[in-house]
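We name chains A, B, ... by the order of the sequence lines, and we start the count at 1 in each one.
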Amino acid sequence: MEEMAKPRVHARELPSLEKAEHGVVMRFAPNPSGPLHLGHARAAVLNDVYVQRYGGKYILRIEDTDPKRVDPEAYTMVREDIEWLGLTIHDVVYQSDRFDLYYRYGRELIERGGAYVCTCENEQFRQLKLARQACPCRGLTLDENLALWERMLAGEFYEGEASVRVRTELEHPDPAMRDFPAFRILHTPLHPRIEACVYPLMNFSVAVDDHLLGVTHVIRGKDHIANTRRQRYIYDYFGWPVPVYRHYGRMGIEGVILSTSQMREGIQSGIYRGWDDIRLGTLRALARRGIQPGAVRAAVFDIGIGDTDISFSWDNLYAHNRSIVDPIADRYFFVPDPVCLKVRDAPVHTARALIHPNDVNRGTRTLPFLGEVLIPREELGKAPDMIRLKDLFNVRVAASGEEYVLTYAGEDMADARAAKAPVIQWLPAELALPAILETQDGPVIGVCEPAAGALQGNVVQFERVGFARIDRVEPQELIAYFCHR
RNA sequence: GCUGCUAUAGUGUAGUCCGGCCAAUCAUUUCGGCCUUUCACGCCGAAGACUGGGGUUCGAAUCCCCAUAGCAGCACCA
């Protein structure tokens, strides 16, 4: 059977990777300085998608080689976030478990003449580097270098007194390439997992690990382009084949900061309540609002691995989430800023509303009308003549001074249509659960159906308000987090 | 300043390598209409872009040059 070319119905697909036909080994390598956010999700998901597509292995590598940027709690937060995202991780590696390895290869790099121990003052070296001049240490003999290296490991240097530099080209047009550092001395702070005073810098540990772990393809942000070039020197000294690299563009998100350190400051200064504050772009904040992992995956998949800088729009994420959540979210009434009114001349009646309008099999919820209703104050401000209380009956609205008076106006939906009456959510005054809907712009006080309280942790749709996740029910009050319309 | 990367509608994206089938794709968004006892979902329709200027060519979103703008790196961070 002939495979006809499908006319312009191209399924969205990421660009193919070179040399991937026989499978790939890829890695997601976060620094455990805080929980994962949308920026991490992009790297994590794109790598995941490729591993799924080509088959192979997906490694989680915890890059904790800088004790200054390790938050002990982040180890577990990162694992939780990865689980939430649903990554298919095959292997987990902690760089702090591999320092002996780095030392071994560090020594070998020196022996191969690819690196030397530098005891210059920082600023002095910088000046020399900018002037394309060799520092005095660059000419030391191998024996001298190895002796210094041993002294480094023995803890004979204070912080900043010695480092190991990779020998590159002093004439390199990019000063960032010239004899970049591979190891440094650090005595404080203490590393939460290991005891060490010689720490590898990322370009060294990453190159060694990528090779040793058999990583074939690396997809990461373009802020690593310079690092890729630097790492190539290390590969070349050891004679290792280099992986295939792709660098995608910088991603900003409207309205939020994606910097772990800035978020931490905000938390410490009390601006945010915690890592899952719904104004943050962390995955746990999104989860708390009811964003589904599938929506995050779809949104970052759409963005792809393009190298242009982009501004991530919430709309696109919300659209994906809505399509996931709309078919499953139970419908309930939430009345913001409620006003309580008696309905004159109304018969006793019980409303039966569908739990989901597109699926009668999900059943109904019952709301008894006992004389008084709570309706959104906002609806009265619009001053329509008639309002349809959804699934109940029509009421005529009259203003008498500051007060509004509702009068029963029949059950016929046709009347409501004829009068162009808005169909609004309402609650019986006697059966309303006080509720707070937390939004990114602050809390909205209202009331909701008591039945919603049984759905803790689930996403519901508050009719005419939007989707929200039921966070918890406190003694006399339900707390929900607004997700999107 | 130096070294690089990028530039398609409000947002994201396809097309760019191998110039014509592109009066430019898809999604989102916005606005109409239909459906509907939600301002959700669904359906129909519309709006909206090749950064600017030169050049090459019969022909350029696609190739070249310049300009402009944005971004990254120039850390003993990752």
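- Within the 4.0 angstrom heavy-atom criterion, base atoms lie near A:N227.
- Under the 6.0 Å distance and 45° angle rule, A:R365 counts as a cation-pi partner of A:F333.
- Set against B:G70, B:A78, B:U37, the side chain of A:D391 has B:U37 as its closest nucleotide.
- A:S313 has no side-chain polar atom (N or O) that falls below the 4.0 Å cut-off from OP1 or OP2 of B:G10.
- A donor-acceptor contact under 3.5 Å is formed by the side chain of A:Q461 with the base of B:U38.
- Taking the side chain of A:R165 as heavy atoms from C-beta on, and the options B:U28, B:C76, B:C71, the nearest nucleotide is B:C76.
- Among the atoms of the strands shown, none is found under 4.0 Å from any heavy atom of A:Y199.
- Listed nucleotides B:A27, B:U29, B:C76 differ in distance to A:L201; the shortest reach to its side chain belongs to B:C76.
- Taking a pair to require two hydrogen-bonding distances under 3.5 Å in either a Watson-Crick or a G-U wobble arrangement, B:C2 pairs with B:G73.
- When each of A:D326 and A:R230 is assigned the nucleotide of RNA chain B with its nearest heavy atom, A:D326 is the one assigned upstream, toward the 5' end.
- The shortest distance between side-chain heavy atoms of A:D209 and A:R61 falls below 4.5 Å.
- With A:F467 as reference, A:D326 is the one residue of A:V460, A:D326, A:N321, A:I291 to meet the side chain to side chain contact (heavy atoms under 4.5 Å, CB included) rule.
- Contact annotation for A:P327: no contact, since no heavy-atom pair falls under 4.0 Å across all strands.
- With a cut-off of 3.5 Å on both pairing distances, B:A49 has no Watson-Crick or G-U wobble partner at all.
- Across all strands shown, B:G10 is found opposite B:U28 as a Watson-Crick or G-U wobble partner, with both distances under 3.5 Å.
- Donor-acceptor pairing under 3.5 Å, judged by distance alone, is present between the side chain of A:R331 and the base of B:A40.
- Residue-to-nucleotide contacts include a donor-acceptor pair under 3.5 Å from the side chain of A:E379 to the base of B:C39.
- Nucleotide B:U57 forms a pair with no other nucleotide shown, judged by Watson-Crick or G-U wobble geometry with both contacts under 3.5 Å.
- OP1 or OP2 of B:A78 has not a single side-chain nitrogen or oxygen of A:R69 nearer than 4.0 Å.
- An OP1 or OP2 oxygen of B:A75 is reached within less than 4.0 angstrom by a side-chain nitrogen or oxygen of A:K129.
- Geometrically, A:R246 does not engage A:Y50 in a cation-pi contact defined by less than 6.0 Å to the ring centre and at most 45° from the axis.
- If A:I310 and A:E411 are placed on RNA chain B by their nearest nucleotide, the residue sitting closer to the 5' end is A:I310.
- Considering only side-chain N and O atoms, A:N122 lies under 4.0 angstrom from the phosphate OP1 or OP2 of B:C76.
- Contacts of A:R388 with the nucleic acid, taken as non-hydrogen atoms under 4.0 Å apart, include base atoms.
- OP1 or OP2 of B:A75 has not a single side-chain nitrogen or oxygen of A:R178 nearer than 4.0 Å.
- In this structure, A:H224 reaches the bases: a heavy-atom distance under 4.0 Å links it to at least one base atom across the strands shown.
- Taking each heavy atom of A:R220 and A:N227 in turn, the nearest pair found is NH2-C, 4.2 Å.
- Taking the six-membered ring for Trp and the full ring otherwise, the centers of A:F369 and A:W426 sit at least 6.0 Å from each other.
- Taking only side-chain atoms of A:P173, from C-beta outward, the nucleotide of B:A78, B:U3, B:U38 with the closest atom is B:U3.
- Distances shown here put a side-chain N or O of A:R417 below 4.0 Å from the OP1 or OP2 atom of B:U37.
- Nucleic acid contact for A:N31: sugar-phosphate only, since backbone atoms but no base atoms lie under 4.0 Å from a heavy atom of the residue.
- Contacts of A:G160 with the nucleic acid, taken as non-hydrogen atoms under 4.0 Å apart, include base atoms.
- Across all strands, A:S33 comes closer than 4.0 Å to no nucleic acid atom at all (heavy-atom distances).
- Checking B:U11, B:C5, B:C71 against every side-chain atom of A:D309, the shortest atom distance belongs to B:C71.
- Among the nucleotides B:U6, B:A72, B:C39, the one closest to the side chain of A:R250 is B:A72.
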